[in-house]
Each structure stands twice: as structure tokens, then as C-alpha cells.
2 protein chains.
Amino acid sequence: MSTGGRAGANLGAVRSHNAALVLGLLRDAGAEGISRLELAERTGLTPQAVSKITARLREQGFAAQAGRRASTGGKPRTVLRLVPEAGHAVGVHLDRDELRAVLVDLDGAVVAQRRAELDLGAGATTVLGVLARAVEELVGQALGLGDDGALAGAATLLGVGVALPGPLDHVRGVLHRVTGFPEWDGFALRDVLQARLGVAVVVDKDTNAAALGLSVRGEGGSGSFAYLHLGTGLGAGLVIGGSVHRGARTGAGEFGHQVIQLDGPLCECGNRGCVEVLCLGAVGRGEPAEAARVLGVAAANLVGLLDIDAVLLGGRTVAGAPQVYVRGVGDVLAARARREGMPGGAVPVRVAQGGEGLVAEGAAQLLLGRLFGRGDA
Amino acid sequence: MSTGGRAGANLGAVRSHNAALVLGLLRDAGAEGISRLELAERTGLTPQAVSKITARLREQGFAAQAGRRASTGGKPRTVLRLVPEAGHAVGVHLDRDELRAVLVDLDGAVVAQRRAELDLGAGATTVLGVLARAVEELVGQALGLGDDGALAGAATLLGVGVALPGPLDHVRGVLHRVTGFPEWDGFALRDVLQARLGVAVVVDKDTNAAALGLSVRGEGGSGSFAYLHLGTGLGAGLVIGGSVHRGARTGAGEFGHQVIQLDGPLCECGNRGCVEVLCLGAVGRGEPAEAARVLGVAAANLVGLLDIDAVLLGGRTVAGAPQVYVRGVGDVLAARARREGMPGGAVPVRVAQGGEGLVAEGAAQLLLGRLFGRGDA
DNA sequence: TGCACTTTGGCAACAGCGTTGCGAAAGTAG
DNA sequence: CTACTTTCGCAACGCTGTTGCCAAAGTGCA
């Protein structure tokens, strides 16, 4: 039926919804802060309702007064700001050969971080040991642990987000398979890690985490964008209407195996003419311009299908020659926009900022998002 | 910023949200009806809350008692059902050479319909005249008009939805251009029609209306699906998470000009190797199997990108040889699913039911959707 | 036939949400 | 110093879903 399992709203739901909304606006306002009346305007709530909501948030320690604005002829507005230290989250980027963990505060700012060499093929016990130790050290030094040395002792810790390559089930937190490492097939990473660490754990694809991180930072505008990652492989993370689009089976963003050349060269996925094989082939032959053009054609397909607002490029290969890719992809999109007479012109193409820590920071946002009303089912 | 213009929730919002939710479940239950306790289970609300909500709906005439279930050892449940005659909407399908208008009730059932020959190139005055007359006759005979002959006199009429080909702005109701008819460029169809008819008007692309219609009927499952229309052109309507995805500029679903053959044959859009030119070319050469294969490759790209639950095929060309297309597209998707070891197997491919009236009925749902909580921004 | 039990669903009191009315606080302008 | 503007909290309010309770309407067994 068309009306899927949507939930009814009661008063508790209203409260948390509005609180999350206000908290999100406080975060977006950053160090400048934001006044109650501005919050009222943006939410559509009355100023009095905002006062009550912010009073609750101040009691809970999430918000604080921070100076006042210049007067415009009357009593000056009091400025409110987020208290970043009121909450923390750990984000872990589990890659094929290294592990990168960050501890961020409510603002998304990195408080502490760690790096470790790692071999994903070394088996679950070894990998989980390295991961758990890294997280415990990170949290222990920055926030302090409980008397028993447990992570749960860190009161402000919301949980741990783990991002890794390869298909997986975001909802159940189970890996399907990690390309090249069949021993991870069907591994219930979320539950195992949750039991071991004693705090909430969320698992997601690396490209989704990167896209989420970019979304929170406000890159890609307020609406929809695609993050295209060109490194050892070619993948994408999609943000539609402000939230990460994963699809029913967390399979969305399968960008690299989009076929753009019927009966083209064989790809390792078994298909022919995938963007990945064409693009990486051009990179391998030392033809970045051709790689960018091919990438641009695939990006244009994506833009046409979803009508997104921006395309962000990332990954080692892009970082090696950013201008070539931005221009190459941009040219294809511009040509298409010109031909179709699209209102507003072509979709902008940019290099995703954030570099090496992007995925880990985005993984941490998987937890923070719940506070700010981006809870993902 | 990441927190786009989301709205705060007050008690009025809660009421209409829950009322819409219940109304949607009543509609989905159809003639069988549904009991209060089932409604409570599905919404997560308490039985008492459901009683209050349904009491309001009964007062307003939208719902009614309809018999009772067999007892399971106690007082038998009272069954509630939607009162279809409590609301109506007109849906108009404006095609290049004909106009098709339907009047539907809350259930989506067609109460009356009209067809008229039409030339979209005959100018706005002529076309709007034919359209307005068709709508007024339709509503007048089935519902009756006001004393002054105005549509607003039909108390249960929620408004008119208009679906037509070509790029347009769904939010503002303005046409960008209708392929082959430059005189419509920038025409503010929504506002002009609203002023002339005196009731609410919503404008959308034909493929979006078709997808919406299918979504309401429950085809394509509860989640996400794509409707691919193969007729004089090749387009798509996307339903993601239960609602039509249009993108910021109502440009989403630009499926036909997805490039699947780099530097392939020139398409009339100016690009090379679009699915449309390849697919229609094969149709023209009398090679439906090849057309289906090409369509399947493009569909597989879409499925991979969005991880949708189903693919529905429609349009005159598909209707001419349904099995060929279902099998051809299905084979490509199945092969890909097999190679990637997707959990749950391949995405199902079906022919969209509903035939000629699908777009007009979907257009009517643009208005009904508001009642059932599918208000689209 | 009668009694016990189960299940449904309405009435009444309630807690908690945002809203409204109003006034104190804190500035500017003359 | 006075008049005015603007911010923002207190108190009363209306309305939401929730809880506690009980009447209604069945079944099943003695």
C-alpha cells in the first residue's frame, strides 16, 4: 500500500522535533550565535514557544546565552549558541589498509584523532581489537572513562559511527561483503561492536558518510547533491532533500558500475562499459582529461535523473589534479545545460573540502544527526 | 546550511498529520474497512486517540461505520471505512493531440470522464478554452455547479490537477517549454487556470502524475520505484520513499537522455548515445528485443544509483509487446543482480496497469494527496 | 438459562505542548 | 528625564494525545 509505516505524532514527538530543529539552527549559526526571534522566524513557531524550548535546552546544557546584538531601537536581542562540549561522537573510517578515528563535539569539530595501520584481511578478531582499542584510547584521553574503564562512563558520548567500503545493510548493521575480503560476508558488525564497546554503534558505507559530512558542513547547498569519489574505485554518496539517500538495501550510490558504453570493455564486476573501468582506464593511461570527460558524462546522467543542486568531487585521483576534473566534469554538465536550456544554468561542480578526515567525521555525524533531527531509519 | 527550511510543529500540525495518516489508512483499507484498533497499531497511537480522530473524521463526513468484524471472544470490532463521495478532484492529461479529463472521488475511483481532440499548438486561448469547458462540464454533470455556474459551487471539489509533457516548474506552476511548441515558453499555467476556474490548480509532468497514480494504487510496493514510459519519447517518473521525487527544478526523471553509449548516434537533444535515440531507433528498425535490452541497461543504471524496489513499464510501445519488454529489461536486471550477489535477488519488472487513464488519474491525485498527507512542496 | 470472561470503545480527568495576553526589562531618541 | 521601541518571561488558555475507569457486546462453560 502507498501509506507505508508512517508514525503518528504525539506531544513527545512534537517536543523532540522542535528541540531538534532549534538545535540544528543553533549549530548552523556557529560561533556567531542566533537570537530567539530569528529562531522563531525560521521555525515558524511563536517567539514564546522558542523561549520555552531554548530554556529547556539551556537546562539540559545544550545551549547557552552568548552576549547580545546591537540594539535596533529597543532592547537588544540576546544571542544563543550551542554548547559544543555537551555532546561527543566517535567516527571511524575503516579502510583497506588503515583506520582513522576522530572524536568530534556537537559542532562537528575534531577534538582528538588517531590513525592506525590495518589489514582488513587479518580477520575479525584482530581488526575489531585494533578498532576497539583506538576508540577507547581516543575517548579515554579526551573525555575520561568510567571507573570500570568502560566507554559508557563518558557521559557526553553519544556513540560510535563506523564507515567502510563495500555493500552493507545500514539498518541492521550487517556487512554483505567487503570487496576482496570474503571473510567479512554477513558479519554483524553493528551488534558485535555494540556489545563490545557498550555504546550505540551505527554502520554505513564510506561514501555515504562522506556525503553526510559534506551536507552538515553546508557544502552542496541546502538541498540535494552528489559526492563522487574517485580513488581505487569509483563510488557516490547521494544527499536528497537534506538527508542521505541509501535505498531500501543501502545499495544506492552504485555509481561506478553505471554503464555508459554499451558492449564496451569488460569491467571486473562482469559488466561491460561501466564508468569505473572507462574512467580508471583513462587514468591508468595517463589521460586525466578523458577520465574527467567520462566521469562528466556519468555525472550528467545522474544530474538529469535526480535534478540535484551540486556535484562534489573527492578521492585521491581527484586530489592529484583537481582542476582537470572540475573543469572536465563541469564542461560536460555545462554543455548539456546549454542544449536543454535549463533554468538557472548548469549545476556547479566543486572539489569536496575536508580531505583525509572527511569520511571519519561524516561517520561521527551518523550519531550527531539524531540530536539534530536527522535520524535515519 | 544543512538544516533547510524545515518547519516547527504545533498542535494544529499534529492534528492534521494524524488525521491525514488515518485517512490514508482508511483509503488503503478499501471496501473492507479497518477497525480502530488496527489503526492504533499501524499509527502507533493509543486506541483512545484513534477514537477521537475518527470521531472528528466522522463528523466531517470523511469516515463512517461499516459493519463489524467477527468476534474473537469479546466485543466485535467496529469497522470504519472512507466515505468516497466526501471529496472529489479533477485530473487532466494534456497531451500533444488530445485532452483527457477525469473526475475521481476520495478512493481514486473515476466518477466521470471526458475526452477531446486538441492541438497543443493552437495557442493558449484555444487550449485553455477547451480545457476549462471540459472541466466545467465534467464537474457540472456529476456534482452540480453553484448558482452562478462556478466550479467553486461544487462543495466537495478539492481542485484540478493538470499533467502535461515537457519541462515545467511544479512549485510555481509555470511551463518552461513544451517540446515542439515554443509558444508555451514561460506560460504561468497554474495561476492563469486558477484565476479562470476559481479552484485550486496543480501542474506537473505527465510521467510524475503517472508515477503518483501507480504509487497510490500500491503498485511498486510501499517504498520506491521508477515508472518508465516508452511512447513517442522516453521518460521516467520516480517515487522515492513513497513520494514523487521532482528535484529542485522539477527536472528529475530525465531518463531518456541518459547517455549509455559514449560518442554514439546523435540524439535530437544534441547529445550522443542517449537511451532514447538508441531505444527508439531499435523500435523503428523492428527490433523490440534490442530496444528492451537497451532500456534494460539504462534501467539497471537507475536501479543501481537509487536502489529502488521495482521498475514499472508503460507507454504505447510497451503496450504493443509487453512481454518482450518485461522480459528484456528483467533479464538485464537479473544478470546484474546475479553478478553482484544482491540480497533479495533482482528488482522486479512489471507492466504498469491502468492504461490510458493513468496520467489523468494521477493528476487528480496531486490534489487528493494533500488530504492524505502527501502534500508536495 | 445464567454467570464468568474477554474485548471493544466511550467518558472524564489529566499532563504537556504551543499560543495568547500582558507587563517588566533594557535599550534608543529627543 | 520622558516617550517610545523592542525583547522576553509569567500566567492563563486551548487543544493535543494519554490514562483510568466503566458500560456495551460478544463468547464459552456450567
Side-chain angles (χ1 to χ4, degrees), chain A residues 6-23 25-26 29 32-60 63-81 373, chain B residues 6-23 25-26 29 32-60 63-81 373:
Chain A
R6 290 189 293 164
N10 54 23
L11 272 61
V14 170
R15 178 179 49 198
S16 35
H17 173 86
N18 287 343
L21 207 59
V22 168
L23 222 40
L25 289 170
L26 285 172
E32 281 177 54
I34 186 170
S35 75
R36 288 175 179 76
L37 285 166
E38 285 176 272
L39 288 170
E41 276 174 35
R42 300 230 198 156
T43 56
L45 297 170
T46 60
Q48 185 60 16
V50 171
S51 271
K52 283 192 180 179
I53 293 165
T54 54
R56 279 200 296 267
L57 292 176
R58 285 195 293 156
E59 267 182 35
Q60 296 165 21
Q65 315 247 105
R68 42 185 52 180
R69 289 270 163 76
S71 167
T72 59
K75 176 173 176 177
R77 300 182 173 184
T78 319
V79 172
L80 300 170
R81 64 169 181 78
Chain B
R6 288 189 294 164
N10 55 22
L11 271 60
V14 169
R15 179 179 49 199
S16 34
H17 172 87
N18 286 343
L21 207 59
V22 169
L23 223 38
L25 289 171
L26 285 172
E32 282 177 52
I34 185 170
S35 76
R36 288 175 179 78
L37 285 166
E38 285 177 272
L39 288 171
E41 276 174 36
R42 299 230 198 158
T43 56
L45 296 170
T46 60
Q48 185 61 14
V50 171
S51 273
K52 284 192 178 179
I53 293 166
T54 53
R56 279 200 298 267
L57 292 177
R58 284 195 294 156
E59 267 182 36
Q60 296 164 19
Q65 315 247 104
R68 43 186 53 181
R69 290 270 164 76
S71 166
T72 59
K75 178 175 177 177
R77 302 183 172 184
T78 318
V79 173
L80 300 170
R81 63 168 182 80

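Below, read A as the first sequence line, B as the second, and so on, with proteins coming before strands; counting in each chain starts at 1.
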Discussion item. On DNA chain D, does the nearest nucleotide to A:T54 precede the nearest nucleotide to A:N10 from the 5' side, or the other way round? Give the residue.
Written reply: A:T54
Worksheet entry | Minimum-distance nucleotide to B:R56 side chain [options: D:dG17, C:dG16, D:dG9] | D:dG17
List the atom pairs, with distances to 0.1 Å, where a side-chain N or O of residues 12-23 of chain A and a protein N or O form a donor-acceptor pair under 3.5 Å, not counting sequence neighbours.
unit_1 : atom_1 : unit_2 : atom_2 : d
A:S16  : OG     : A:G12  : O      : 2.9
A:S16  : OG     : A:A13  : O      : 3.4
A:H17  : NE2    : B:A7   : O      : 3.0
A:N18  : OD1    : B:A9   : N      : 2.8
A:N18  : ND2    : B:A9   : O      : 2.8

Item to complete: In whole angstrom, give the distance that lies between atom CZ of B:R36 and atom P of D:dA24.
Response: 16 Å
Discussion item. Which nucleotide wins on minimum distance to the side chain of A:A49, given the candidates C:dG9, D:dT18, C:dT19?
Written reply: C:dT19
Response to the item:
note: B:H17, atom NE2; C:dC17, atom C1'; distance rounded to Å ~ 16 Å
Discussion item. Are the side chains of B:R81 and B:Q65 in contact, using a 4.5 Å heavy-atom criterion?
Written reply: no
Practice prompt. Would you state whether a donor and an acceptor, one from the side chain of A:Q48 and one from the base of D:dC10, lie under 3.5 Å apart?
Written response: yes
Item to complete: Indicate whether OP1 or OP2 belonging to C:dT19 is found under 4.0 Å from a side-chain N or O atom of A:T46.
Response: yes
Item to complete: Figure out the CZ/P separation between B:R15 and C:dC17, and round it to whole Å.
Response: 19 Å
Worksheet item: Base, sugar-phosphate alone, or nothing: which one does B:S35 contact when heavy atoms must sit under 4.0 Å apart?
Response: nothing
Practice prompt. Please state how far atom CD in A:E38 lies from atom P in D:dC8, giving the value in whole angstrom units.
Written response: 10 Å
Practice prompt. Select base, sugar-phosphate, or nothing to describe what A:A9 touches, counting heavy atoms under 4.0 Å on all strands.
Written response: sugar-phosphate
Worksheet entry | Euclidean distance, atom CZ of residue B:R69 to atom C1' of C:dT6 [Å, nearest integer] | 18 Å
Worksheet entry | Contact under 4.0 Å: A:S51 side-chain N or O vs D:dG9 OP1/OP2 | yes
Discussion item. How long is the straight-line distance from CZ of B:R42 back to CD of B:E38, given to the nearest 0.5 Å?
Written reply: 6.5 Å
Discussion item. Between A:G12 and B:T78, which residue's closest nucleotide on DNA chain C lies nearer the 5′ terminus?
Written reply: B:T78
Discussion item. Less than 4.5 Å apart, side chain to side chain, heavy atoms only: is that true for A:R68 and A:K75?
Written reply: no
Worksheet entry | Nucleotide D:dC8, atom P - distance to CD1 of A:I53 in whole Å | 15 Å
Worksheet entry | Polar side chain donor-acceptor pair, B:S51 to B:Q48, under 3.5 angstrom | no
Worksheet item: Expressed in angstrom and rounded to an integer, what is the separation of B:K52 atom NZ from D:dT19 atom P?
Response: 12 Å
Worksheet entry | Nearest heavy-atom neighbours spanning B:S35 and B:R77 | OG-CD, 3.5 Å
Item to complete: Decide yes or no for B:L26 and B:I34: does some side-chain heavy atom of the first lie under 4.5 Å from some side-chain heavy atom of the second?
Response: yes
Item to complete: Measure from CG on A:N18 to C1' on C:dT19 and round the result to the nearest Å.
Response: 13 Å
Worksheet, complete the sentence: The contact string for nucleotides 25-30 of chain C, one letter per nucleotide 5' to 3', using protein heavy atoms under 4.0 Å with B, S and - for base, sugar-phosphate only and none, comes out as BBBS--
